[in-house]
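Working notes, beginning with the structure itself.
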Amino acid sequence: MSKIIKKIGVLTSGGDSPGMNAAIRSVVRTCAYHNVECIGIYRGYQGMIEGDFKEMGPRSVNNIVNKGGTILKSARSMDFKTPDGRKRAHENLVNAGIDALVVIGGDGTFTGAEIFNNEFGYPVMGIPGTIDNDIFGTSHTLGYDTALNTVVEAIDKIRDTASSHNRLFFVEVMGRDAGHIALNAGIGAGAEEILIPEEDLGLERLLESLQKSKASGKSSSIVVVSEGDKIGKNVFELKEYVEENLPEYDVRVSVLGHMQRGGSPSCFDRVLASRLGVKAVESILEGKSNFMVGLYQDKVALTPLEQAIKGSSKIDEELLRVSDIMTT
Ligand code: ATP
């Protein structure tokens with residue numbers, strides 16, 4: 001029989017994303033609802049190793065549902081990758097009487113949680129918090145929807161200046177391994193081309209497409225480029241390449257960078273965070289462990305952490321087709 005859970009720890013780890021605070025709030029309040037103590041762990045796994053803990057009651061999370069970032073801070077901990085670091089973290093949890101953990105982060109965070117669970121049989125539950133939406137087992141990660149809105153808003157503004165000066169803009173967006181942000185925001189903002197890591201468009205086809213676009217009467221263009229695009233050139237090299245080969249184009253580059261991670265979470269992300277937090281805590285109280293809580297076919301569902309880590313989130317083929325048709 002699994003141990004009765006009286007105290008749950010919660011942490012945020014890896015890159016921050018909008019909606020993490022709403023998830024912390026949900027975990028804290030669900031614990032209070034079920035008369036379970038909740039402990040906030042600062043700076044992810046590093047705070048676990050250093051015993052940086054704080055009791056959290058339902059009022060300690062007032063007024064954070066609308067805030068970006070994470071009040072618990074986030075960190076990338078090299079110490080947690082060592083057996084000694086994890087041993088110290090485990091000792092701290094046991095000494096503080098914390099019976100189970102909710103970790104909010106990306107696949108690295110889940111990898112750490114799974115290793116920790118395997119080593120100590122310690123109950124863990126993951127909530128996917130990353131803007132890249134690159135986690136298997138959930139249609140949406142926390143922060144992804146907000147990031148899409150941020151990117152679309154930025155591209156709308158860039159389009160104003162692009163069309164006033166008849167310019168071509170390469171806009172680089174986040175997504176080292178996954179093109180979800182580029183593809184969705186690109187369609188949403190009406191980009192002429194979208195370059196993503198999952199597809200190698202090739203330089204020749206890019207030039208062809210831009211030439212076609214010019215010939216069809218478009219005077220300005222936006223090309224959205226995912227950080228991890230496979231075309232083999234970074235966004236500044238792309239600019240040079242196009243200027244050399246299509247001198248009629250006046251090309252500019254805009255790298256959106258960290259602004260994509262910030263800002264107040266969208267309503268979608270706040271609701272998702274609230275749902276995932278409730279499910280994470282209630283699953284732990286039912287004796288479940290080593291799962292990620294995600295959104296699958298619009299329902300909150302559990303996926304084994306191992307699958308969430310190893311599986312890849314596929315790009316939607318239908319969206320690729322829609323994007324092709326929209327650039328006609
Ligand atoms: P993002 O997708 O935003 O980068 P992430 O959770 O993938 O988020 P990482 O920096 O990869 O971010 O991982 C967060 C932390 O998880 C690491 O700093 C480390 O402490 C822990 N971690 C990652 N991989 C391992 C591992 N193999 N063993 C133990 N801990 C790990």
Side-chain angles (χ1 to χ4, degrees), residues 9-21 23-24 41-52 68-70 72-90 92-93 101-120 122 124-138 140-148 150-151 173-182 197 226-228 256-263 265 269 273 276 280 290-294 303 305-313:
V10 58
L11 60 81
T12 48
S13 159
D16 63 299
S17 68
M20 279 186 162
N21 278 327
I24 294 166
I41 300 168
Y42 284 91
R43 295 175 292 118
Y45 293 128
Q46 196 56 33
M48 213 158 101
I49 292 169
E50 294 171 18
D52 197 356
T70 158
L72 288 178
K73 314 281 182 193
S74 190
R76 302 196 195 263
S77 167
M78 291 314 287
D79 291 344
F80 197 72
K81 293 189 174 177
T82 66
D84 184 55
R86 293 193 293 275
K87 186 164 160 279
R88 278 191 284 149
H90 184 248
N92 284 335
L93 293 180
L101 264 186
V102 177
V103 299
I104 307 168
D107 57 353
T109 300
F110 293 166
T111 304
E114 212 213 356
I115 292 171
F116 195 67
N117 172 269
N118 290 341
E119 276 176 350
F120 303 103
Y122 196 89
V124 293
M125 197 58 68
I127 294 180
T130 167
I131 62 165
D132 292 341
N133 208 37
D134 57 350
I135 305 232
F136 176 82
T138 187
H140 290 75
T141 54
L142 288 184
Y144 171 57
D145 182 69
T146 306
L148 287 182
T150 304
V151 171
V173 302
M174 280 188 173
R176 276 189 308 268
D177 308 308
H180 299 288
I181 293 182
S226 199
E227 279 175 311
L256 298 190
H258 282 85
M259 67 175 290
Q260 295 163 86
R261 283 213 179 142
D269 275 327
L276 300 187
N290 230 7
F291 286 99
M292 177 194 77
V293 185
T303 301
L305 273 185
E306 193 188 357
Q307 280 181 26
I309 297 160
K310 289 193 182 143
S312 62
S313 63

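Below, all heavy atoms of this structure are taken into account, side chains as well, without hydrogens, waters or symmetry copies. Indexing begins at 1, ligand by ligand and atom by atom, following the structure's order.
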Looking only at distances, can you tell me whether any N or O atom of [X], backbone or side chain, sits closer than 3.5 Å to an N or O atom of ligand 1?
{"X": "Gly105", "answer": "no"}
{"X": "Arg76", "answer": "yes"}
{"X": "Thr109", "answer": "yes"}

Please list the nearest protein heavy atom to [atom] with its residue and the distance rounded to 0.1 Å.
{"atom": "atom 2 (O) of ligand 1", "answer": "Thr130 OG1, 3.6 Å"}
{"atom": "atom 25 (C) of ligand 1", "answer": "Lys81 CE, 3.7 Å"}
{"atom": "atom 27 (N) of ligand 1", "answer": "Thr111 CG2, 3.6 Å"}
{"atom": "atom 23 (C) of ligand 1", "answer": "Gly108 O, 3.1 Å"}

Notebook entry, point to check: Does at least one non-hydrogen atom of Asp132 fall below 4.0 angstrom from an atom of ligand 1?
Noted result: no
Could you list the atoms of ligand 1 found under 4.0 angstrom from a heavy atom of [X]?
{"X": "Ile115", "result": "26 (C), 27 (N), 28 (N)"}
{"X": "Gly112", "result": "29 (C), 30 (N), 31 (C)"}
{"X": "Tyr45", "result": "16 (O), 20 (O), 21 (C)"}

Best match, [options]: closest heavy atom to [atom]:
{"atom": "atom 3 (O) of ligand 1", "options": "Ser13, Ala178, Pro128, Gly15", "answer": "Gly15"}
{"atom": "atom 29 (C) of ligand 1", "options": "Phe110, Phe116, Phe80", "answer": "Phe80"}
{"atom": "atom 18 (O) of ligand 1", "options": "Ser77, Gly126, Pro83", "answer": "Ser77"}

Got a second to check how far [X]'s [atom1] is from [Y]'s [atom2], nearest 0.5 Å?
{"X": "Asp145", "Y": "Asp269", "atom1": "CG", "atom2": "CG", "answer": "5.0 Å"}
{"X": "Ser74", "Y": "Tyr42", "atom1": "OG", "atom2": "OH", "answer": "13.5 Å"}
{"X": "His140", "Y": "Asn133", "atom1": "NE2", "atom2": "CG", "answer": "6.5 Å"}

- Task: Could you label the plane-to-plane angle of the Phe116 and Phe80 rings as parallel, tilted or perpendicular, counting under 30° as parallel and over 60° as perpendicular?
- Result: tilted
For His90 and Phe120, take the angle between the two ring planes, folded into 0 to 90°, and tell me which bin it lands in: parallel under 30, tilted 30 to 60, perpendicular over 60. parallel
The residue among Asn92, Asp52, Leu93 that forms side chain to side chain contact (heavy atoms under 4.5 Å, CB included) with Ile41 is Leu93
Counting heavy atoms under 4.0 Å, the part of Asp107 that contacts ligand 1 is both
Item to complete: Would you please test Ser313 and Asp134 for side-chain contact (heavy atoms from CB on, under 4.5 Å) and show each step?
Response: CA-CA 5 Å; Ser313 63; Asp134 57 350; 4.1 Å; yes
Using the rule given for side-chain contact (heavy atoms from CB on, under 4.5 Å), can you reason through His180 versus Asp132, listing the C-alpha separation, both sets of side-chain angles and the distance that settles it, and then say yes or no? CA-CA 7 Å; His180 299 288; Asp132 292 341; over 6 Å; no
Exercise for the section: Look only at the side chain of Arg261 and the backbone of Pro18, and say whether a donor-acceptor pair between them is shorter than 3.5 Å. Expected result: no
When every non-hydrogen atom of Met259 is compared with those of Thr150, the smallest separation belongs to O-CG2, 3.7 Å
